[in-house]
Amino acid sequence: MRIATWNVNSITARLPRLLAWLENSGTDVLCIQETKTTAEQFPSDQLRELGYESAVHATGRWNGVAIVSRVGLDDVVKGLEGDPGYEDVHEPRSVAATCGPVRVRSVYVPNGREVDHAHYAYKLRWFEALKDAVAADVASGTPFAVMGDYNVAPTDEDVWDITAFDGSTHVTEAERAALAALREAGLSDIVPRPLKYDHPFTYWDYRQLCFPKNRGMRIDLVYGNEAFGKAVSDSYVDREERKGKGASDHAPVVVDLDV
DNA sequence: ATGGCCTGATCTTCAGGA
């Protein structure tokens, strides 16, 4: 079974590449982030023609998450239980579903913007709520993973040059502590293989030729429970999908499971 | 190749992304 996570940076803009990738990559379950659509605008019909059901939690131009599956889609939970909200809005950043033998949660963690911004405090509270929300799934014997854009680089090695991130979000002690809390709660970081260069970056800024220069970050993560970790046979970043015209600024992270 | 981001909406300018 092949599952993956991909921040598509607008499913409308990415639709031709997304459909082609699903047809060619052998992916059974895909966790999607930044759909940037309403649920009504989500291309469920086109995906159904390829054999995929869709669970969508999306409200408009910002955020939006989904799970598409061709191996079943049950027990869908839209939204994050205990979501702290931002400026009194509960943004669509989490959706969970059971897809055949595996349960997954697609997450788009708040960016944080600046360390002294209210969005950063929201980000840390959001992580707290996530940890509580997934406790039961983590403890279950079912393979379970929280997959998505975490907007945190777990270590200094997960950015192209840590000195370029002095004072920035995504690399702070508090954000990394939030990841550590998830690991202590029973989730393991399933680190993918890079298909080129030394480190499995998953995001490269559109600007300043960051992708050709491999100035990337590893911020799209797969955190799996014990049963999930035992089932993993391979994992890699599909950097080919970051190339060329009409690419997202994130590449898919693919995980193969023996289930 | 000697470059210099992309998206959708408030739509020719902006916020947000990270």
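The sequence lines fix the lettering, A, B, ..., with proteins before strands; numbering per chain opens at 1.
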Check: So A:W160 and A:F165, would you call those rings parallel, tilted or perpendicular, with 30° and 60° as cut-offs?
Finding: perpendicular

Next item on the list: Let me know the distance between NZ of A:K36 and P of B:dA15, rounded to the nearest Å.
Entry: 15 Å

Next item on the list: Would you please confirm or rule out a distance under 4.0 Å between OP1 or OP2 of B:dA18 and any side-chain N or O of A:Y108?
Entry: yes

Next item on the list: Can you tell me, in whole Å, how much space there is between the P of B:dT10 and that of B:dA15?
Entry: 14 Å

Checklist line | Between P of B:dT7 and CD of A:Q41, the distance in whole Å | finding: 16 Å

Notebook entry, point to check: Is it true that the side chains of A:S94 and A:Y108 contain a donor and an acceptor less than 3.5 Å apart?
Noted result: no

Next item on the list: Round to a whole Å and report the spacing from CZ of A:R207 to P of B:dC5.
Entry: 8 Å

Note to self: Can you measure A:N7 atom CG to B:dT7 atom P for me and round it to whole angstrom units?
What the structure shows: 12 Å

Item checked: Proximity to the side chain of A:K213 - top-ranked nucleotide from B:dA18, B:dG4, B:dG16 -> B:dG4

Next item on the list: Have a look at A:D149 and say if it touches a base, only the backbone sugar-phosphate, or nothing, with a 4.0 Å heavy-atom cut-off.
Entry: sugar-phosphate

Margin query: Counting the atoms with a prime plus P, OP1 and OP2 as sugar-phosphate, which does A:F165 contact under 4.0 Å by heavy atoms, base, sugar-phosphate, or nothing?
Written below: nothing

Check: Are A:V107 and A:M147 close enough that some pair of their side-chain heavy atoms sits under 4.5 Å apart?
Finding: no

Next item on the list: Would you indicate what A:R215 reaches in the nucleic acid, counting non-hydrogen atoms under 4.0 angstrom: base, sugar-phosphate, or nothing?
Entry: nothing

Notebook entry, point to check: What nucleotide, of B:dA18, B:dG3, B:dG17, holds the atom closest to the side chain of A:H170?
Noted result: B:dA18

Check: Using atom P of each nucleotide, how far apart are B:dG4 and B:dA9 to the nearest Å?
Finding: 27 Å

Check: Between B:dG16, B:dG17, B:dG8, which nucleotide has the shortest distance from any of its atoms to the side chain of A:R61?
Finding: B:dG8

Next item on the list: Check whether any side-chain nitrogen or oxygen of A:N9 sits under 4.0 Å from OP1 or OP2 of B:dT7, and answer yes or no.
Entry: no

Margin query: If I take atom NZ in residue A:K245 and atom P in nucleotide B:dC5, what distance separates them, rounded to the nearest angstrom?
Written below: 15 Å

Notebook entry, point to check: Taking for each residue the nucleotide of DNA chain B bearing the nearest heavy atom, is the 5' side occupied by A:A13 or by A:E34?
Noted result: A:A13

Check: Taking OH from A:Y86 and C1' from B:dA15, how many angstroms apart are they, rounded to a whole number?
Finding: 12 Å

Item checked: Cation-pi geometry met for A:R242 and A:F211 (6.0 Å, 45°) -> yes

Margin query: Using atom P in both nucleotides, what's the gap between B:dC14 and B:dG3 to the nearest angstrom?
Written below: 27 Å

Note to self: Please pick, from B:dG17, B:dT7, B:dG8, the nucleotide with the shortest atom-to-atom distance to any side-chain atom of A:R14.
What the structure shows: B:dT7

Check: Using the C1' atom in both, what is the distance from B:dC11 to B:dA1, to the nearest Å?
Finding: 32 Å

Check: B:dA18 and B:dT7: how far apart are their P atoms, nearest whole angstrom?
Finding: 14 Å

Next item on the list: Indicate, with a heavy-atom threshold strictly under 4.0 Å, whether A:S168 touches base, sugar-phosphate, or nothing.
Entry: nothing

Check: The side chain of A:R93 lies closest to which of these nucleotides: B:dG8, B:dG17, B:dA15?
Finding: B:dG17

Notebook entry, point to check: Mapping A:W62 and A:Q208 to their closest nucleotides on DNA chain B, which lands nearer the 5' end?
Noted result: A:Q208

Notebook entry, point to check: A:S10 side chain N/O closer than 4.0 Å to the phosphate oxygens (OP1, OP2) of B:dG8?
Noted result: yes

Check: Looking only at atom types and distance, does a side-chain atom of A:K36 sit under 3.5 Å from a main-chain N or O of A:R61, one as donor and one as acceptor?
Finding: no

Next item on the list: Measure the distance from CG on A:N151 to P on B:dG16 and round it to the nearest whole Å.
Entry: 15 Å

Note to self: Set out, in order, the CA-CA distance, both residues' side-chain angles and the distance that settles ring-ring contact (aromatic ring centres under 6.0 Å, His included) for A:H119 and A:Y122, then state yes or no.
What the structure shows: CA-CA 5 Å; A:H119 209 261; A:Y122 163 57; 5.2 Å; yes

Next item on the list: Would you indicate, yes or no, if B:dG17 has its OP1 or OP2 atom less than 4.0 angstrom from a side-chain nitrogen or oxygen of A:R113?
Entry: yes

Check: side-chain hydrogen bond (donor to acceptor under 3.5 Å, both in side chains): which pairs involve residues 215-224 of chain A, sequence neighbours left out?
Finding: A:D158-A:R218, A:R183-A:Y223, A:D189-A:R218, A:T202-A:D220, A:D220-A:H250

Check: Can you check the A:H250 NE2 to B:dG17 P distance for me, whole Å?
Finding: 11 Å

